[in-house]
Amino acid sequence: MSAKNGSIKLVAGNSNPALAKAIAGELELPLTKAVVRRFADMEIFVEIQENVRGSDVFILQSTSYPANDHLMELLIITDALRRASARRITAVVPYFGYARQDRKSGSRTPISAKLVANLITHAGAHRVMTVDLHALQIQGFFDIPTDNLFASPVMVRDIRERFDLSNVMVVSPDVGGVVRARGLAKRINTPLAIIDKRRERAGESEVMNVIGDVAGYTCILVDDIVDSGGTLVNAADALLANGAKEVYAYISHGVLSGGAAARITTSRLKELVITDSILPTEAVCNAKNIRTLSIATLIAEAIGRTASEESVSSLFD
Ligand code: R5P
């Protein structure tokens with residue numbers, strides 16, 4: 001894929017150099033020379049080492065672990081580009097951190113997703129591009145154009161290649177994820193089941209009720225985030241207890257904090273498939289039942305279309 005617009009510049013933060021390189025490769029563009037380094041007190045310093053005046057600049061940066069450092073890098077890179085007279089700045093944030101705090105979960109709690117949207121906008125971004133936002137309404141937290149790309153075409157291709165779809169059931173691991181799971185089930189024309197997590201009484205452990213007859217099916221759990229892995233591991237156990245033949249999971253963002261990779265490896269999940277929206281840790285790379293699909297081509301295509309003012313949504317028709 002070659003970029004049609006010669007004025008495109010790609011600037012990578014430090015969150016996911018491998019994905020940035022792959023996107024640049026797809027677009028047949030070099031990454032713009034820039035340094036993002038630290039002062040002794042860990043303040044971030046950015047220097048864009050090429051002329052970007054009048055350019056259409058895409059910053060590639062997931063706000064993944066360490067979320068605060070990567071977010072601050074994104075903001076400071078944006079500021080540097082704005083002051084360097086870039087014509088248009090698009091923050092490409094494959095994994096948008098803080099998205100799980102998208103409403104007041106209790107009295108006197110923040111809506112951090114909205115705060116982060118404000119910060120990105122005020123830093124000087126003109127557009128945002130992200131992948132599988134935790135909640136679709138976060139798009140509305142931005143008052144600048146925001147493209148929420150979907151990893152599902154990449155997942156669907158992989159699922160079609162690997163499974164006999166006549167025996168597959170897509171499963172949402174919680175009620176909140178039903179729309180996402182239903183969308184994928186529709187694309188591959190399979191039935192859908194839902195897990196309803198409930199704590200009957202305070203202090204009692206969660207009960208996983210499976211809605212749908214999963215007996216004999218190969219179940220594919222679909223979700224946006226795997227963090228501790230607890231949701232998936234418990235869901236896999238519940239599905240197998242209800243007669244599922246085997247359980248796989250396709251999850252957009254492999255946050256996989258702490259000992260999550262080990263938890264997945266020792267679980268009854270046959271395989272966890274994630275995307276490279278977040279740079280996999282060594283533990284994730286070494287985990288025998290975790291596989292990564294790349295979304296570099298998808299993001300590169302969306303960047304190319306944005307630059308040449310073509311439709312991005314038609315990527316998902
Ligand atoms: C929750 O709403 C999300 O969609 C995920 O289900 C959740 O973040 C997974 O977290 P964990 O892997 O820690 O159970």
Side-chain angles (χ1 to χ4, degrees), residues 62-67 93-106 109-114 116 130-139 141 148-152 155 170-185 192-199 205-211 219-240 247-281 283-284 287 289-292 295:
S62 279
T63 49
S64 49
Y65 176 87
V93 191
Y95 171 66
F96 183 82
Y98 280 107
R100 284 172 284 182
Q101 296 177 49
D102 61 351
R103 65 194 176 285
K104 281 188 76 166
S105 54
T109 59
I111 305 180
S112 308
K114 171 62 180 157
V116 171
T130 185
V131 180
D132 282 332
L133 275 172
H134 176 62
L136 293 175
Q137 62 270 21
I138 295 172
Q139 206 168 18
F141 291 4
N148 180 31
L149 311 180
F150 303 104
S152 53
M155 293 180 175
V170 168
V171 182
S172 173
D174 55 39
V175 175
V178 172
V179 172
R180 180 178 297 109
R182 194 197 295 128
L184 196 127
L192 173 74
I194 299 164
I195 295 183
D196 172 36
K197 278 188 288 189
R198 257 184 224 190
R199 210 179 293 274
S205 65
E206 258 175 0
V207 182
M208 312 278 266
N209 295 309
V210 178
I211 305 172
C219 289
I220 299 184
L221 287 156
V222 174
D223 207 351
D224 61 326
I225 293 172
V226 48
D227 188 350
S228 68
T231 302
L232 287 186
V233 170
N234 293 340
D237 288 344
L239 291 168
L240 291 166
V247 184
Y248 293 79
Y250 279 70
I251 313 292
S252 309
H253 307 295
V255 175
L256 294 166
S257 311
R263 191 168 300 122
I264 297 291
T265 309
T266 53
S267 75
R268 297 168 79 199
L269 265 180
K270 264 252 164 357
E271 188 178 52
L272 163 63
V273 181
I274 53 175
T275 78
D276 55 357
S277 65
I278 295 173
L279 185 70
T281 59
V284 172
N289 63 344
I290 304 181
R291 189 162 57 90
T292 305
I295 51 170

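Note that this is a predicted model, so its numbers are computed, not measured. Just follow the structure's listing: the first ligand is 1, and inside any ligand the first atom is 1. In what follows, every heavy atom counts, from backbone to side chain, and hydrogens, waters and symmetry copies are set aside.
Judged as a side-chain contact (heavy atoms from CB on, under 4.5 Å), and not counting sequence neighbours, the contacts of D276 are L19, T292, S294, I295. Every residue meeting the ring pair (Phe, Tyr, Trp, His ring centres under 6.0 Å) condition with H253, not counting sequence neighbours, appears here in chain and number order: Y95.
Side chain of T281 to main chain of V284: a donor-acceptor pair is present (N/O by atom type, distance under 3.5 Å, no hydrogens or angles).
Considering NZ of K104 and CD1 of I111, their distance stands at 7.0 Å, rounded to 0.5 Å. Rounding to the nearest 0.5 Å gives a distance of 12.0 Å between CG of L184 and CZ of F150.
Within 4.0 Å of ligand 1, contacts by protein heavy atoms are made from R100, H134, D174, D223, D224, I225, V226, D227, S228, G229, G230, T231.
Residues in residues 258-268 take part in no side chain to side chain donor-acceptor pair (under 3.5 Å) pair, two or more places apart or across chains.
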